[in-house]
Amino acid sequence: IYKEYEYSCLISPDISLSTFKEKFGIGDEQWKVRMINEVEVSYYEEQDSRSIMWKNPEGHRYVLLEKQVTGETGFEVVELLMKQ
């Protein structure tokens, strides 16, 4: 819970972004990219949900699932997780 919103985070040492896209049927053109703390972060938005993915320096893939999109709050959670 962050700022009264619930988030789920998956951490995997081996899932690739392409595998995630394929598994959930999300096309390449639907993903957007932005930089957070010099890390490339991919994200996909659908109605009121968002999936945000990035890799940490050790190569582990993180997927933050945001059920109720609240502007930039999900990206604030990503920044907090990157500091861990």
Side-chain angles (χ1 to χ4, degrees):
I1 295 180
Y2 177 75
K3 291 189 177 180
E4 300 181 18
Y5 296 100
E6 288 186 38
Y7 296 88
S8 298
C9 186
L10 308 171
I11 303 171
S12 173
D14 58 3
I15 190 171
S16 67
L17 179 57
S18 59
T19 300
F20 186 85
K21 290 176 185 177
E22 182 180 309
K23 187 171 197 136
F24 291 95
I26 304 168
D28 288 335
E29 69 283 352
Q30 295 171 288
W31 284 86
K32 299 176 185 173
V33 176
R34 72 190 286 177
M35 299 299 288
I36 298 176
N37 296 333
E38 299 181 23
V39 175
E40 186 175 283
V41 175
S42 299
Y43 64 100
Y44 165 73
E45 297 176 331
E46 181 177 50
Q47 294 176 349
D48 64 346
S49 66
R50 180 166 40 204
S51 299
I52 307 171
M53 296 184 75
W54 72 98
K55 275 188 176 180
N56 71 1
E58 290 79 31
H60 292 95
R61 174 76 60 188
Y62 282 70
V63 182
L64 182 74
L65 304 172
E66 186 176 15
K67 294 179 185 175
Q68 194 175 22
V69 175
T70 56
E72 294 294 305
T73 308
F75 296 110
E76 290 174 20
V77 174
V78 169
E79 286 188 73
L80 292 170
L81 289 169
M82 286 179 172
K83 293 177 182 178
Q84 298 299 314

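A quick note: this is a predicted structure, and the numbers were derived from the prediction, not measured.
Residues Glu40 and Met35 share a closest heavy-atom pair of CA-SD, 3.6 Å.
No more than 12 heavy atoms of other residues, nucleotides or ligands shown are found within 6.0 angstrom of CD on Glu38.
For the atom pair Glu45 CD and Ser51 OG, the distance stands at 10.0 Å (nearest 0.5 Å). Once rounded to the nearest 0.5 Å, the distance linking OG of Ser12 with CE of Met53 reads 8.5 Å.
Partners of Tyr44 according to the ring pair (Phe, Tyr, Trp, His ring centres under 6.0 Å) rule, which considers only residues two or more places apart in sequence or in another chain, are Trp31.
When hydrophobic side chains of Ile, Leu, Val, Met, Phe, Trp and Tyr are connected at separations under 4.5 Å, Tyr62 ends up clustered with Tyr2, Tyr5, Tyr7, Ile11, Ile36, Val39, Val41, Tyr43, Ile52, Trp54, Leu64, Phe75, Val77, Val78, Leu80, Leu81, Met82.
When side chains are defined from C-beta on, Gln30 does not count as touching Glu46, because their heavy atoms never get closer than 4.5 Å.
Within the 3.5 Å criterion, the main-chain N or O of Gly71 finds a donor-acceptor partner in the side chain of Arg50.
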